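Written below as C-alpha cells is the structure these notes are about.
Just so we're clear, the structure is a prediction, and the values are computed from it rather than from any experiment.
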Amino acid sequence: GGYLRVQWAGDGRAARLPSGWRQALEAAHRGLAGDNLAALAAFRSAGRLLQEEGVSFVLLKGGAYLFDLYADPAARMLTDLDFLVTRADAGRVARRLRREGYQGDTGSDYPEHRRFEMWKPGVGHCRLEFHWRLGLPGRLGADQAGVWERSRPGSLEGTACRRLDPIDAVLYHAAHQADHYFGPSLKWVIDLREMFRLWRPDPEALLRRAAAWRVRIALHYALRHLELIFPGEAPPGMADRLLSPG
C-alpha cells in the first residue's frame with residue numbers, strides 16, 4: 001500500500017482514485033511510516049553501539065534499499081534489519097548488545113544459518129539479524145572476502161555503514177527469494193524491479209558473477225517472476241542466457 005501510494009502521488013494521479021482507495025492507500029502509508037521510523041530508530045541505536053565497539057558492518061536487504069531505491073521510507077515495509085559482520089566480530093556484537101539490555105536468539109536453523117537475532121524488549125520492537133556469512137553454505141557460492149572488498153561506504157540516519165555492491169545485492173536478493181521458494185511477499189519482486197530500473201547493473205558482469213556464485217537458476221526464476229508481474233521490465237534476453245551453459 002505504501003508503494004502504491006507513492007506511485008500514484010508521484011505523478012499527480014491520486015486525485016483520480018475513488019475515495020475509498022485513496023483513503024486506504026493513505027492509511028497504509030501512515031502505518032508503514034510509523035513502523036519504519038521505529039525500525040530506523042532501532043538502527044540508529046544499534047549502529048551507535050557497533051561504532052563504539054569499532055565493528056564495521058554491511059547493511060543488507062530492506063534497510064539498505066532505503067539508500068536509493070525508495071526515497072520515501074514508507075514505500076517499503078521493513079520487517080527486520082539485517083547486518084553483515086565478520087565472524088571475528090559476531091561474538092563481540094552479541095555481548096555488547098546483551099549488556100545494553102537486548103535479548104537474543106540463534107533460531108532453530110543454527111548453525112546452518114550463520115546468524116543470530118537481537119532485539120530490545122518492548123511493544124513493536126524491531127528484530128536485528130546479524131549474519132557472518134552472505135547466503136547459506138552449499139547454496140550460495142558468494143566469495144565472502146570479495147563481498148567485503150566490493151562493498152561501498154554509506155550513511156543511513158547519520159550512521160556510517162557499508163552496503164553491498166549493486167551486482168552482489170541483486171544476486172543475494174535472488175538467492176534469498178529462492179531460499180523462500182519465491183513466496184507470497186510482493187515486496188521482494190518490487191525490490192528487484194527497482195534494482196534494474198535505478199541501478200542498471202552491467203548485464204555481462206551480472207551473468208559472470210551469477211555463474212561464479214552458482215546462482216544462475218535462482219536469478220533466472222527471479223527474472224521470470226519479475227516479468228510475470230511487471231512485463232517488459234526484466235533485462236531483455238537475460239533469463240534465457242542464464243540457462244545457457246556458455
Requested in this report: Measure across Asp240 and His220 and return the closest heavy-atom pair with its distance rounded to 0.1 Å.
Outcome: N-ND1, 4.5 Å

Report task. Could you pull out the closest heavy-atom pair between Ala46 and Leu128, with the gap in Å? Result -> CB-CD1, 3.5 Å

Can [X] and [Y] be counted as having a side-chain donor-acceptor contact under 3.5 angstrom?
X      : Y      : answer
Asp143 : Trp213 : yes
Asp105 : Tyr110 : no
His29  : Asp72  : yes
Trp199 : Asp68  : yes
Glu117 : Tyr102 : no

Indicate yes or no: at least one non-hydrogen side-chain atom of [X] is less than 4.5 angstrom from one of [Y].
X      : Y      : result
Leu49  : Glu100 : yes
Pro18  : Arg22  : no
Pro235 : Leu223 : yes
Leu59  : Arg163 : no
Asp35  : Leu78  : no
Val93  : Phe116 : yes
Leu242 : Ile217 : no

**Report entry** ring-ring contact (aromatic ring centres under 6.0 Å, His included) evaluation trace for His180 with Trp188
**Finding:** CA-CA 11 Å; His180 290 79; Trp188 292 338; 5.2 Å; yes

Report task. Indicate the ring-plane relationship of Trp119 and His125, choosing parallel, tilted or perpendicular according to the 30° and 60° boundaries. Result ->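 Judged by the thresholds at 30° and 60°, the geometry between Trp119 and His125 is parallel.
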
Requested in this report: Return the orientation label for the Phe130 and Phe83 ring planes: parallel under 30°, perpendicular over 60°, tilted otherwise.
Outcome: parallel

**Report entry** Other residues, nucleotides, ligands: >12 heavy atoms within 6.0 Å of Arg98 CZ
**Finding:**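 Open: at most 12 neighbouring heavy atoms sit under 6.0 Å from CZ of Arg98.
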
Query raised in the report: Should we count CE of Met77 as having more than 12 external heavy atoms under 6.0 Å?
Result: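 No - once you tally the heavy atoms of other residues, nucleotides and ligands closer than 6.0 Å, there are 12 at most.
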
Query raised in the report: Do any N or O atoms from the side chain of Asn36 and from the backbone of Pro73 form a donor-acceptor pair under 3.5 angstrom?
Result: yes

Requested in this report: Determine yes or no for a side-chain-to-main-chain donor-acceptor pair under 3.5 angstrom, with Arg114 supplying the side chain and Glu112 the backbone.
Outcome: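 Side chain of Arg114 to backbone of Glu112: a pair is present.
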
Report task. In sequence, state the C-alpha distance, the side-chain angles, and the governing distance for Leu32 and Tyr3, and then conclude on side-chain contact (heavy atoms from CB on, under 4.5 Å). Result -> CA-CA 10 Å; Leu32 281 174; Tyr3 181 78; over 6 Å; no

Report task. Verify the ring-centre separation between Tyr65 and His173: is it less than 6.0 angstrom? Result -> yes

Query raised in the report: Salt bridge or not for Glu204 and Arg241, using N-O below 4.0 Å?
Result: yes

Query raised in the report: Any Lys/Arg nitrogen of Arg224 or Glu227 sitting under 4.0 Å from an Asp/Glu carboxylate oxygen of the other?
Result: no

Report summary line: Only residue of Leu140, Leu84, Val215 satisfying side chain to side chain contact (heavy atoms under 4.5 Å, CB included) with Tyr172 is Leu140

Query raised in the report: With a distance cut-off below 6.0 Å to the six-membered ring centre and an angular limit of 45° from the axis, does Arg13 pair with Trp8 as a cation-pi contact?
Result: yes

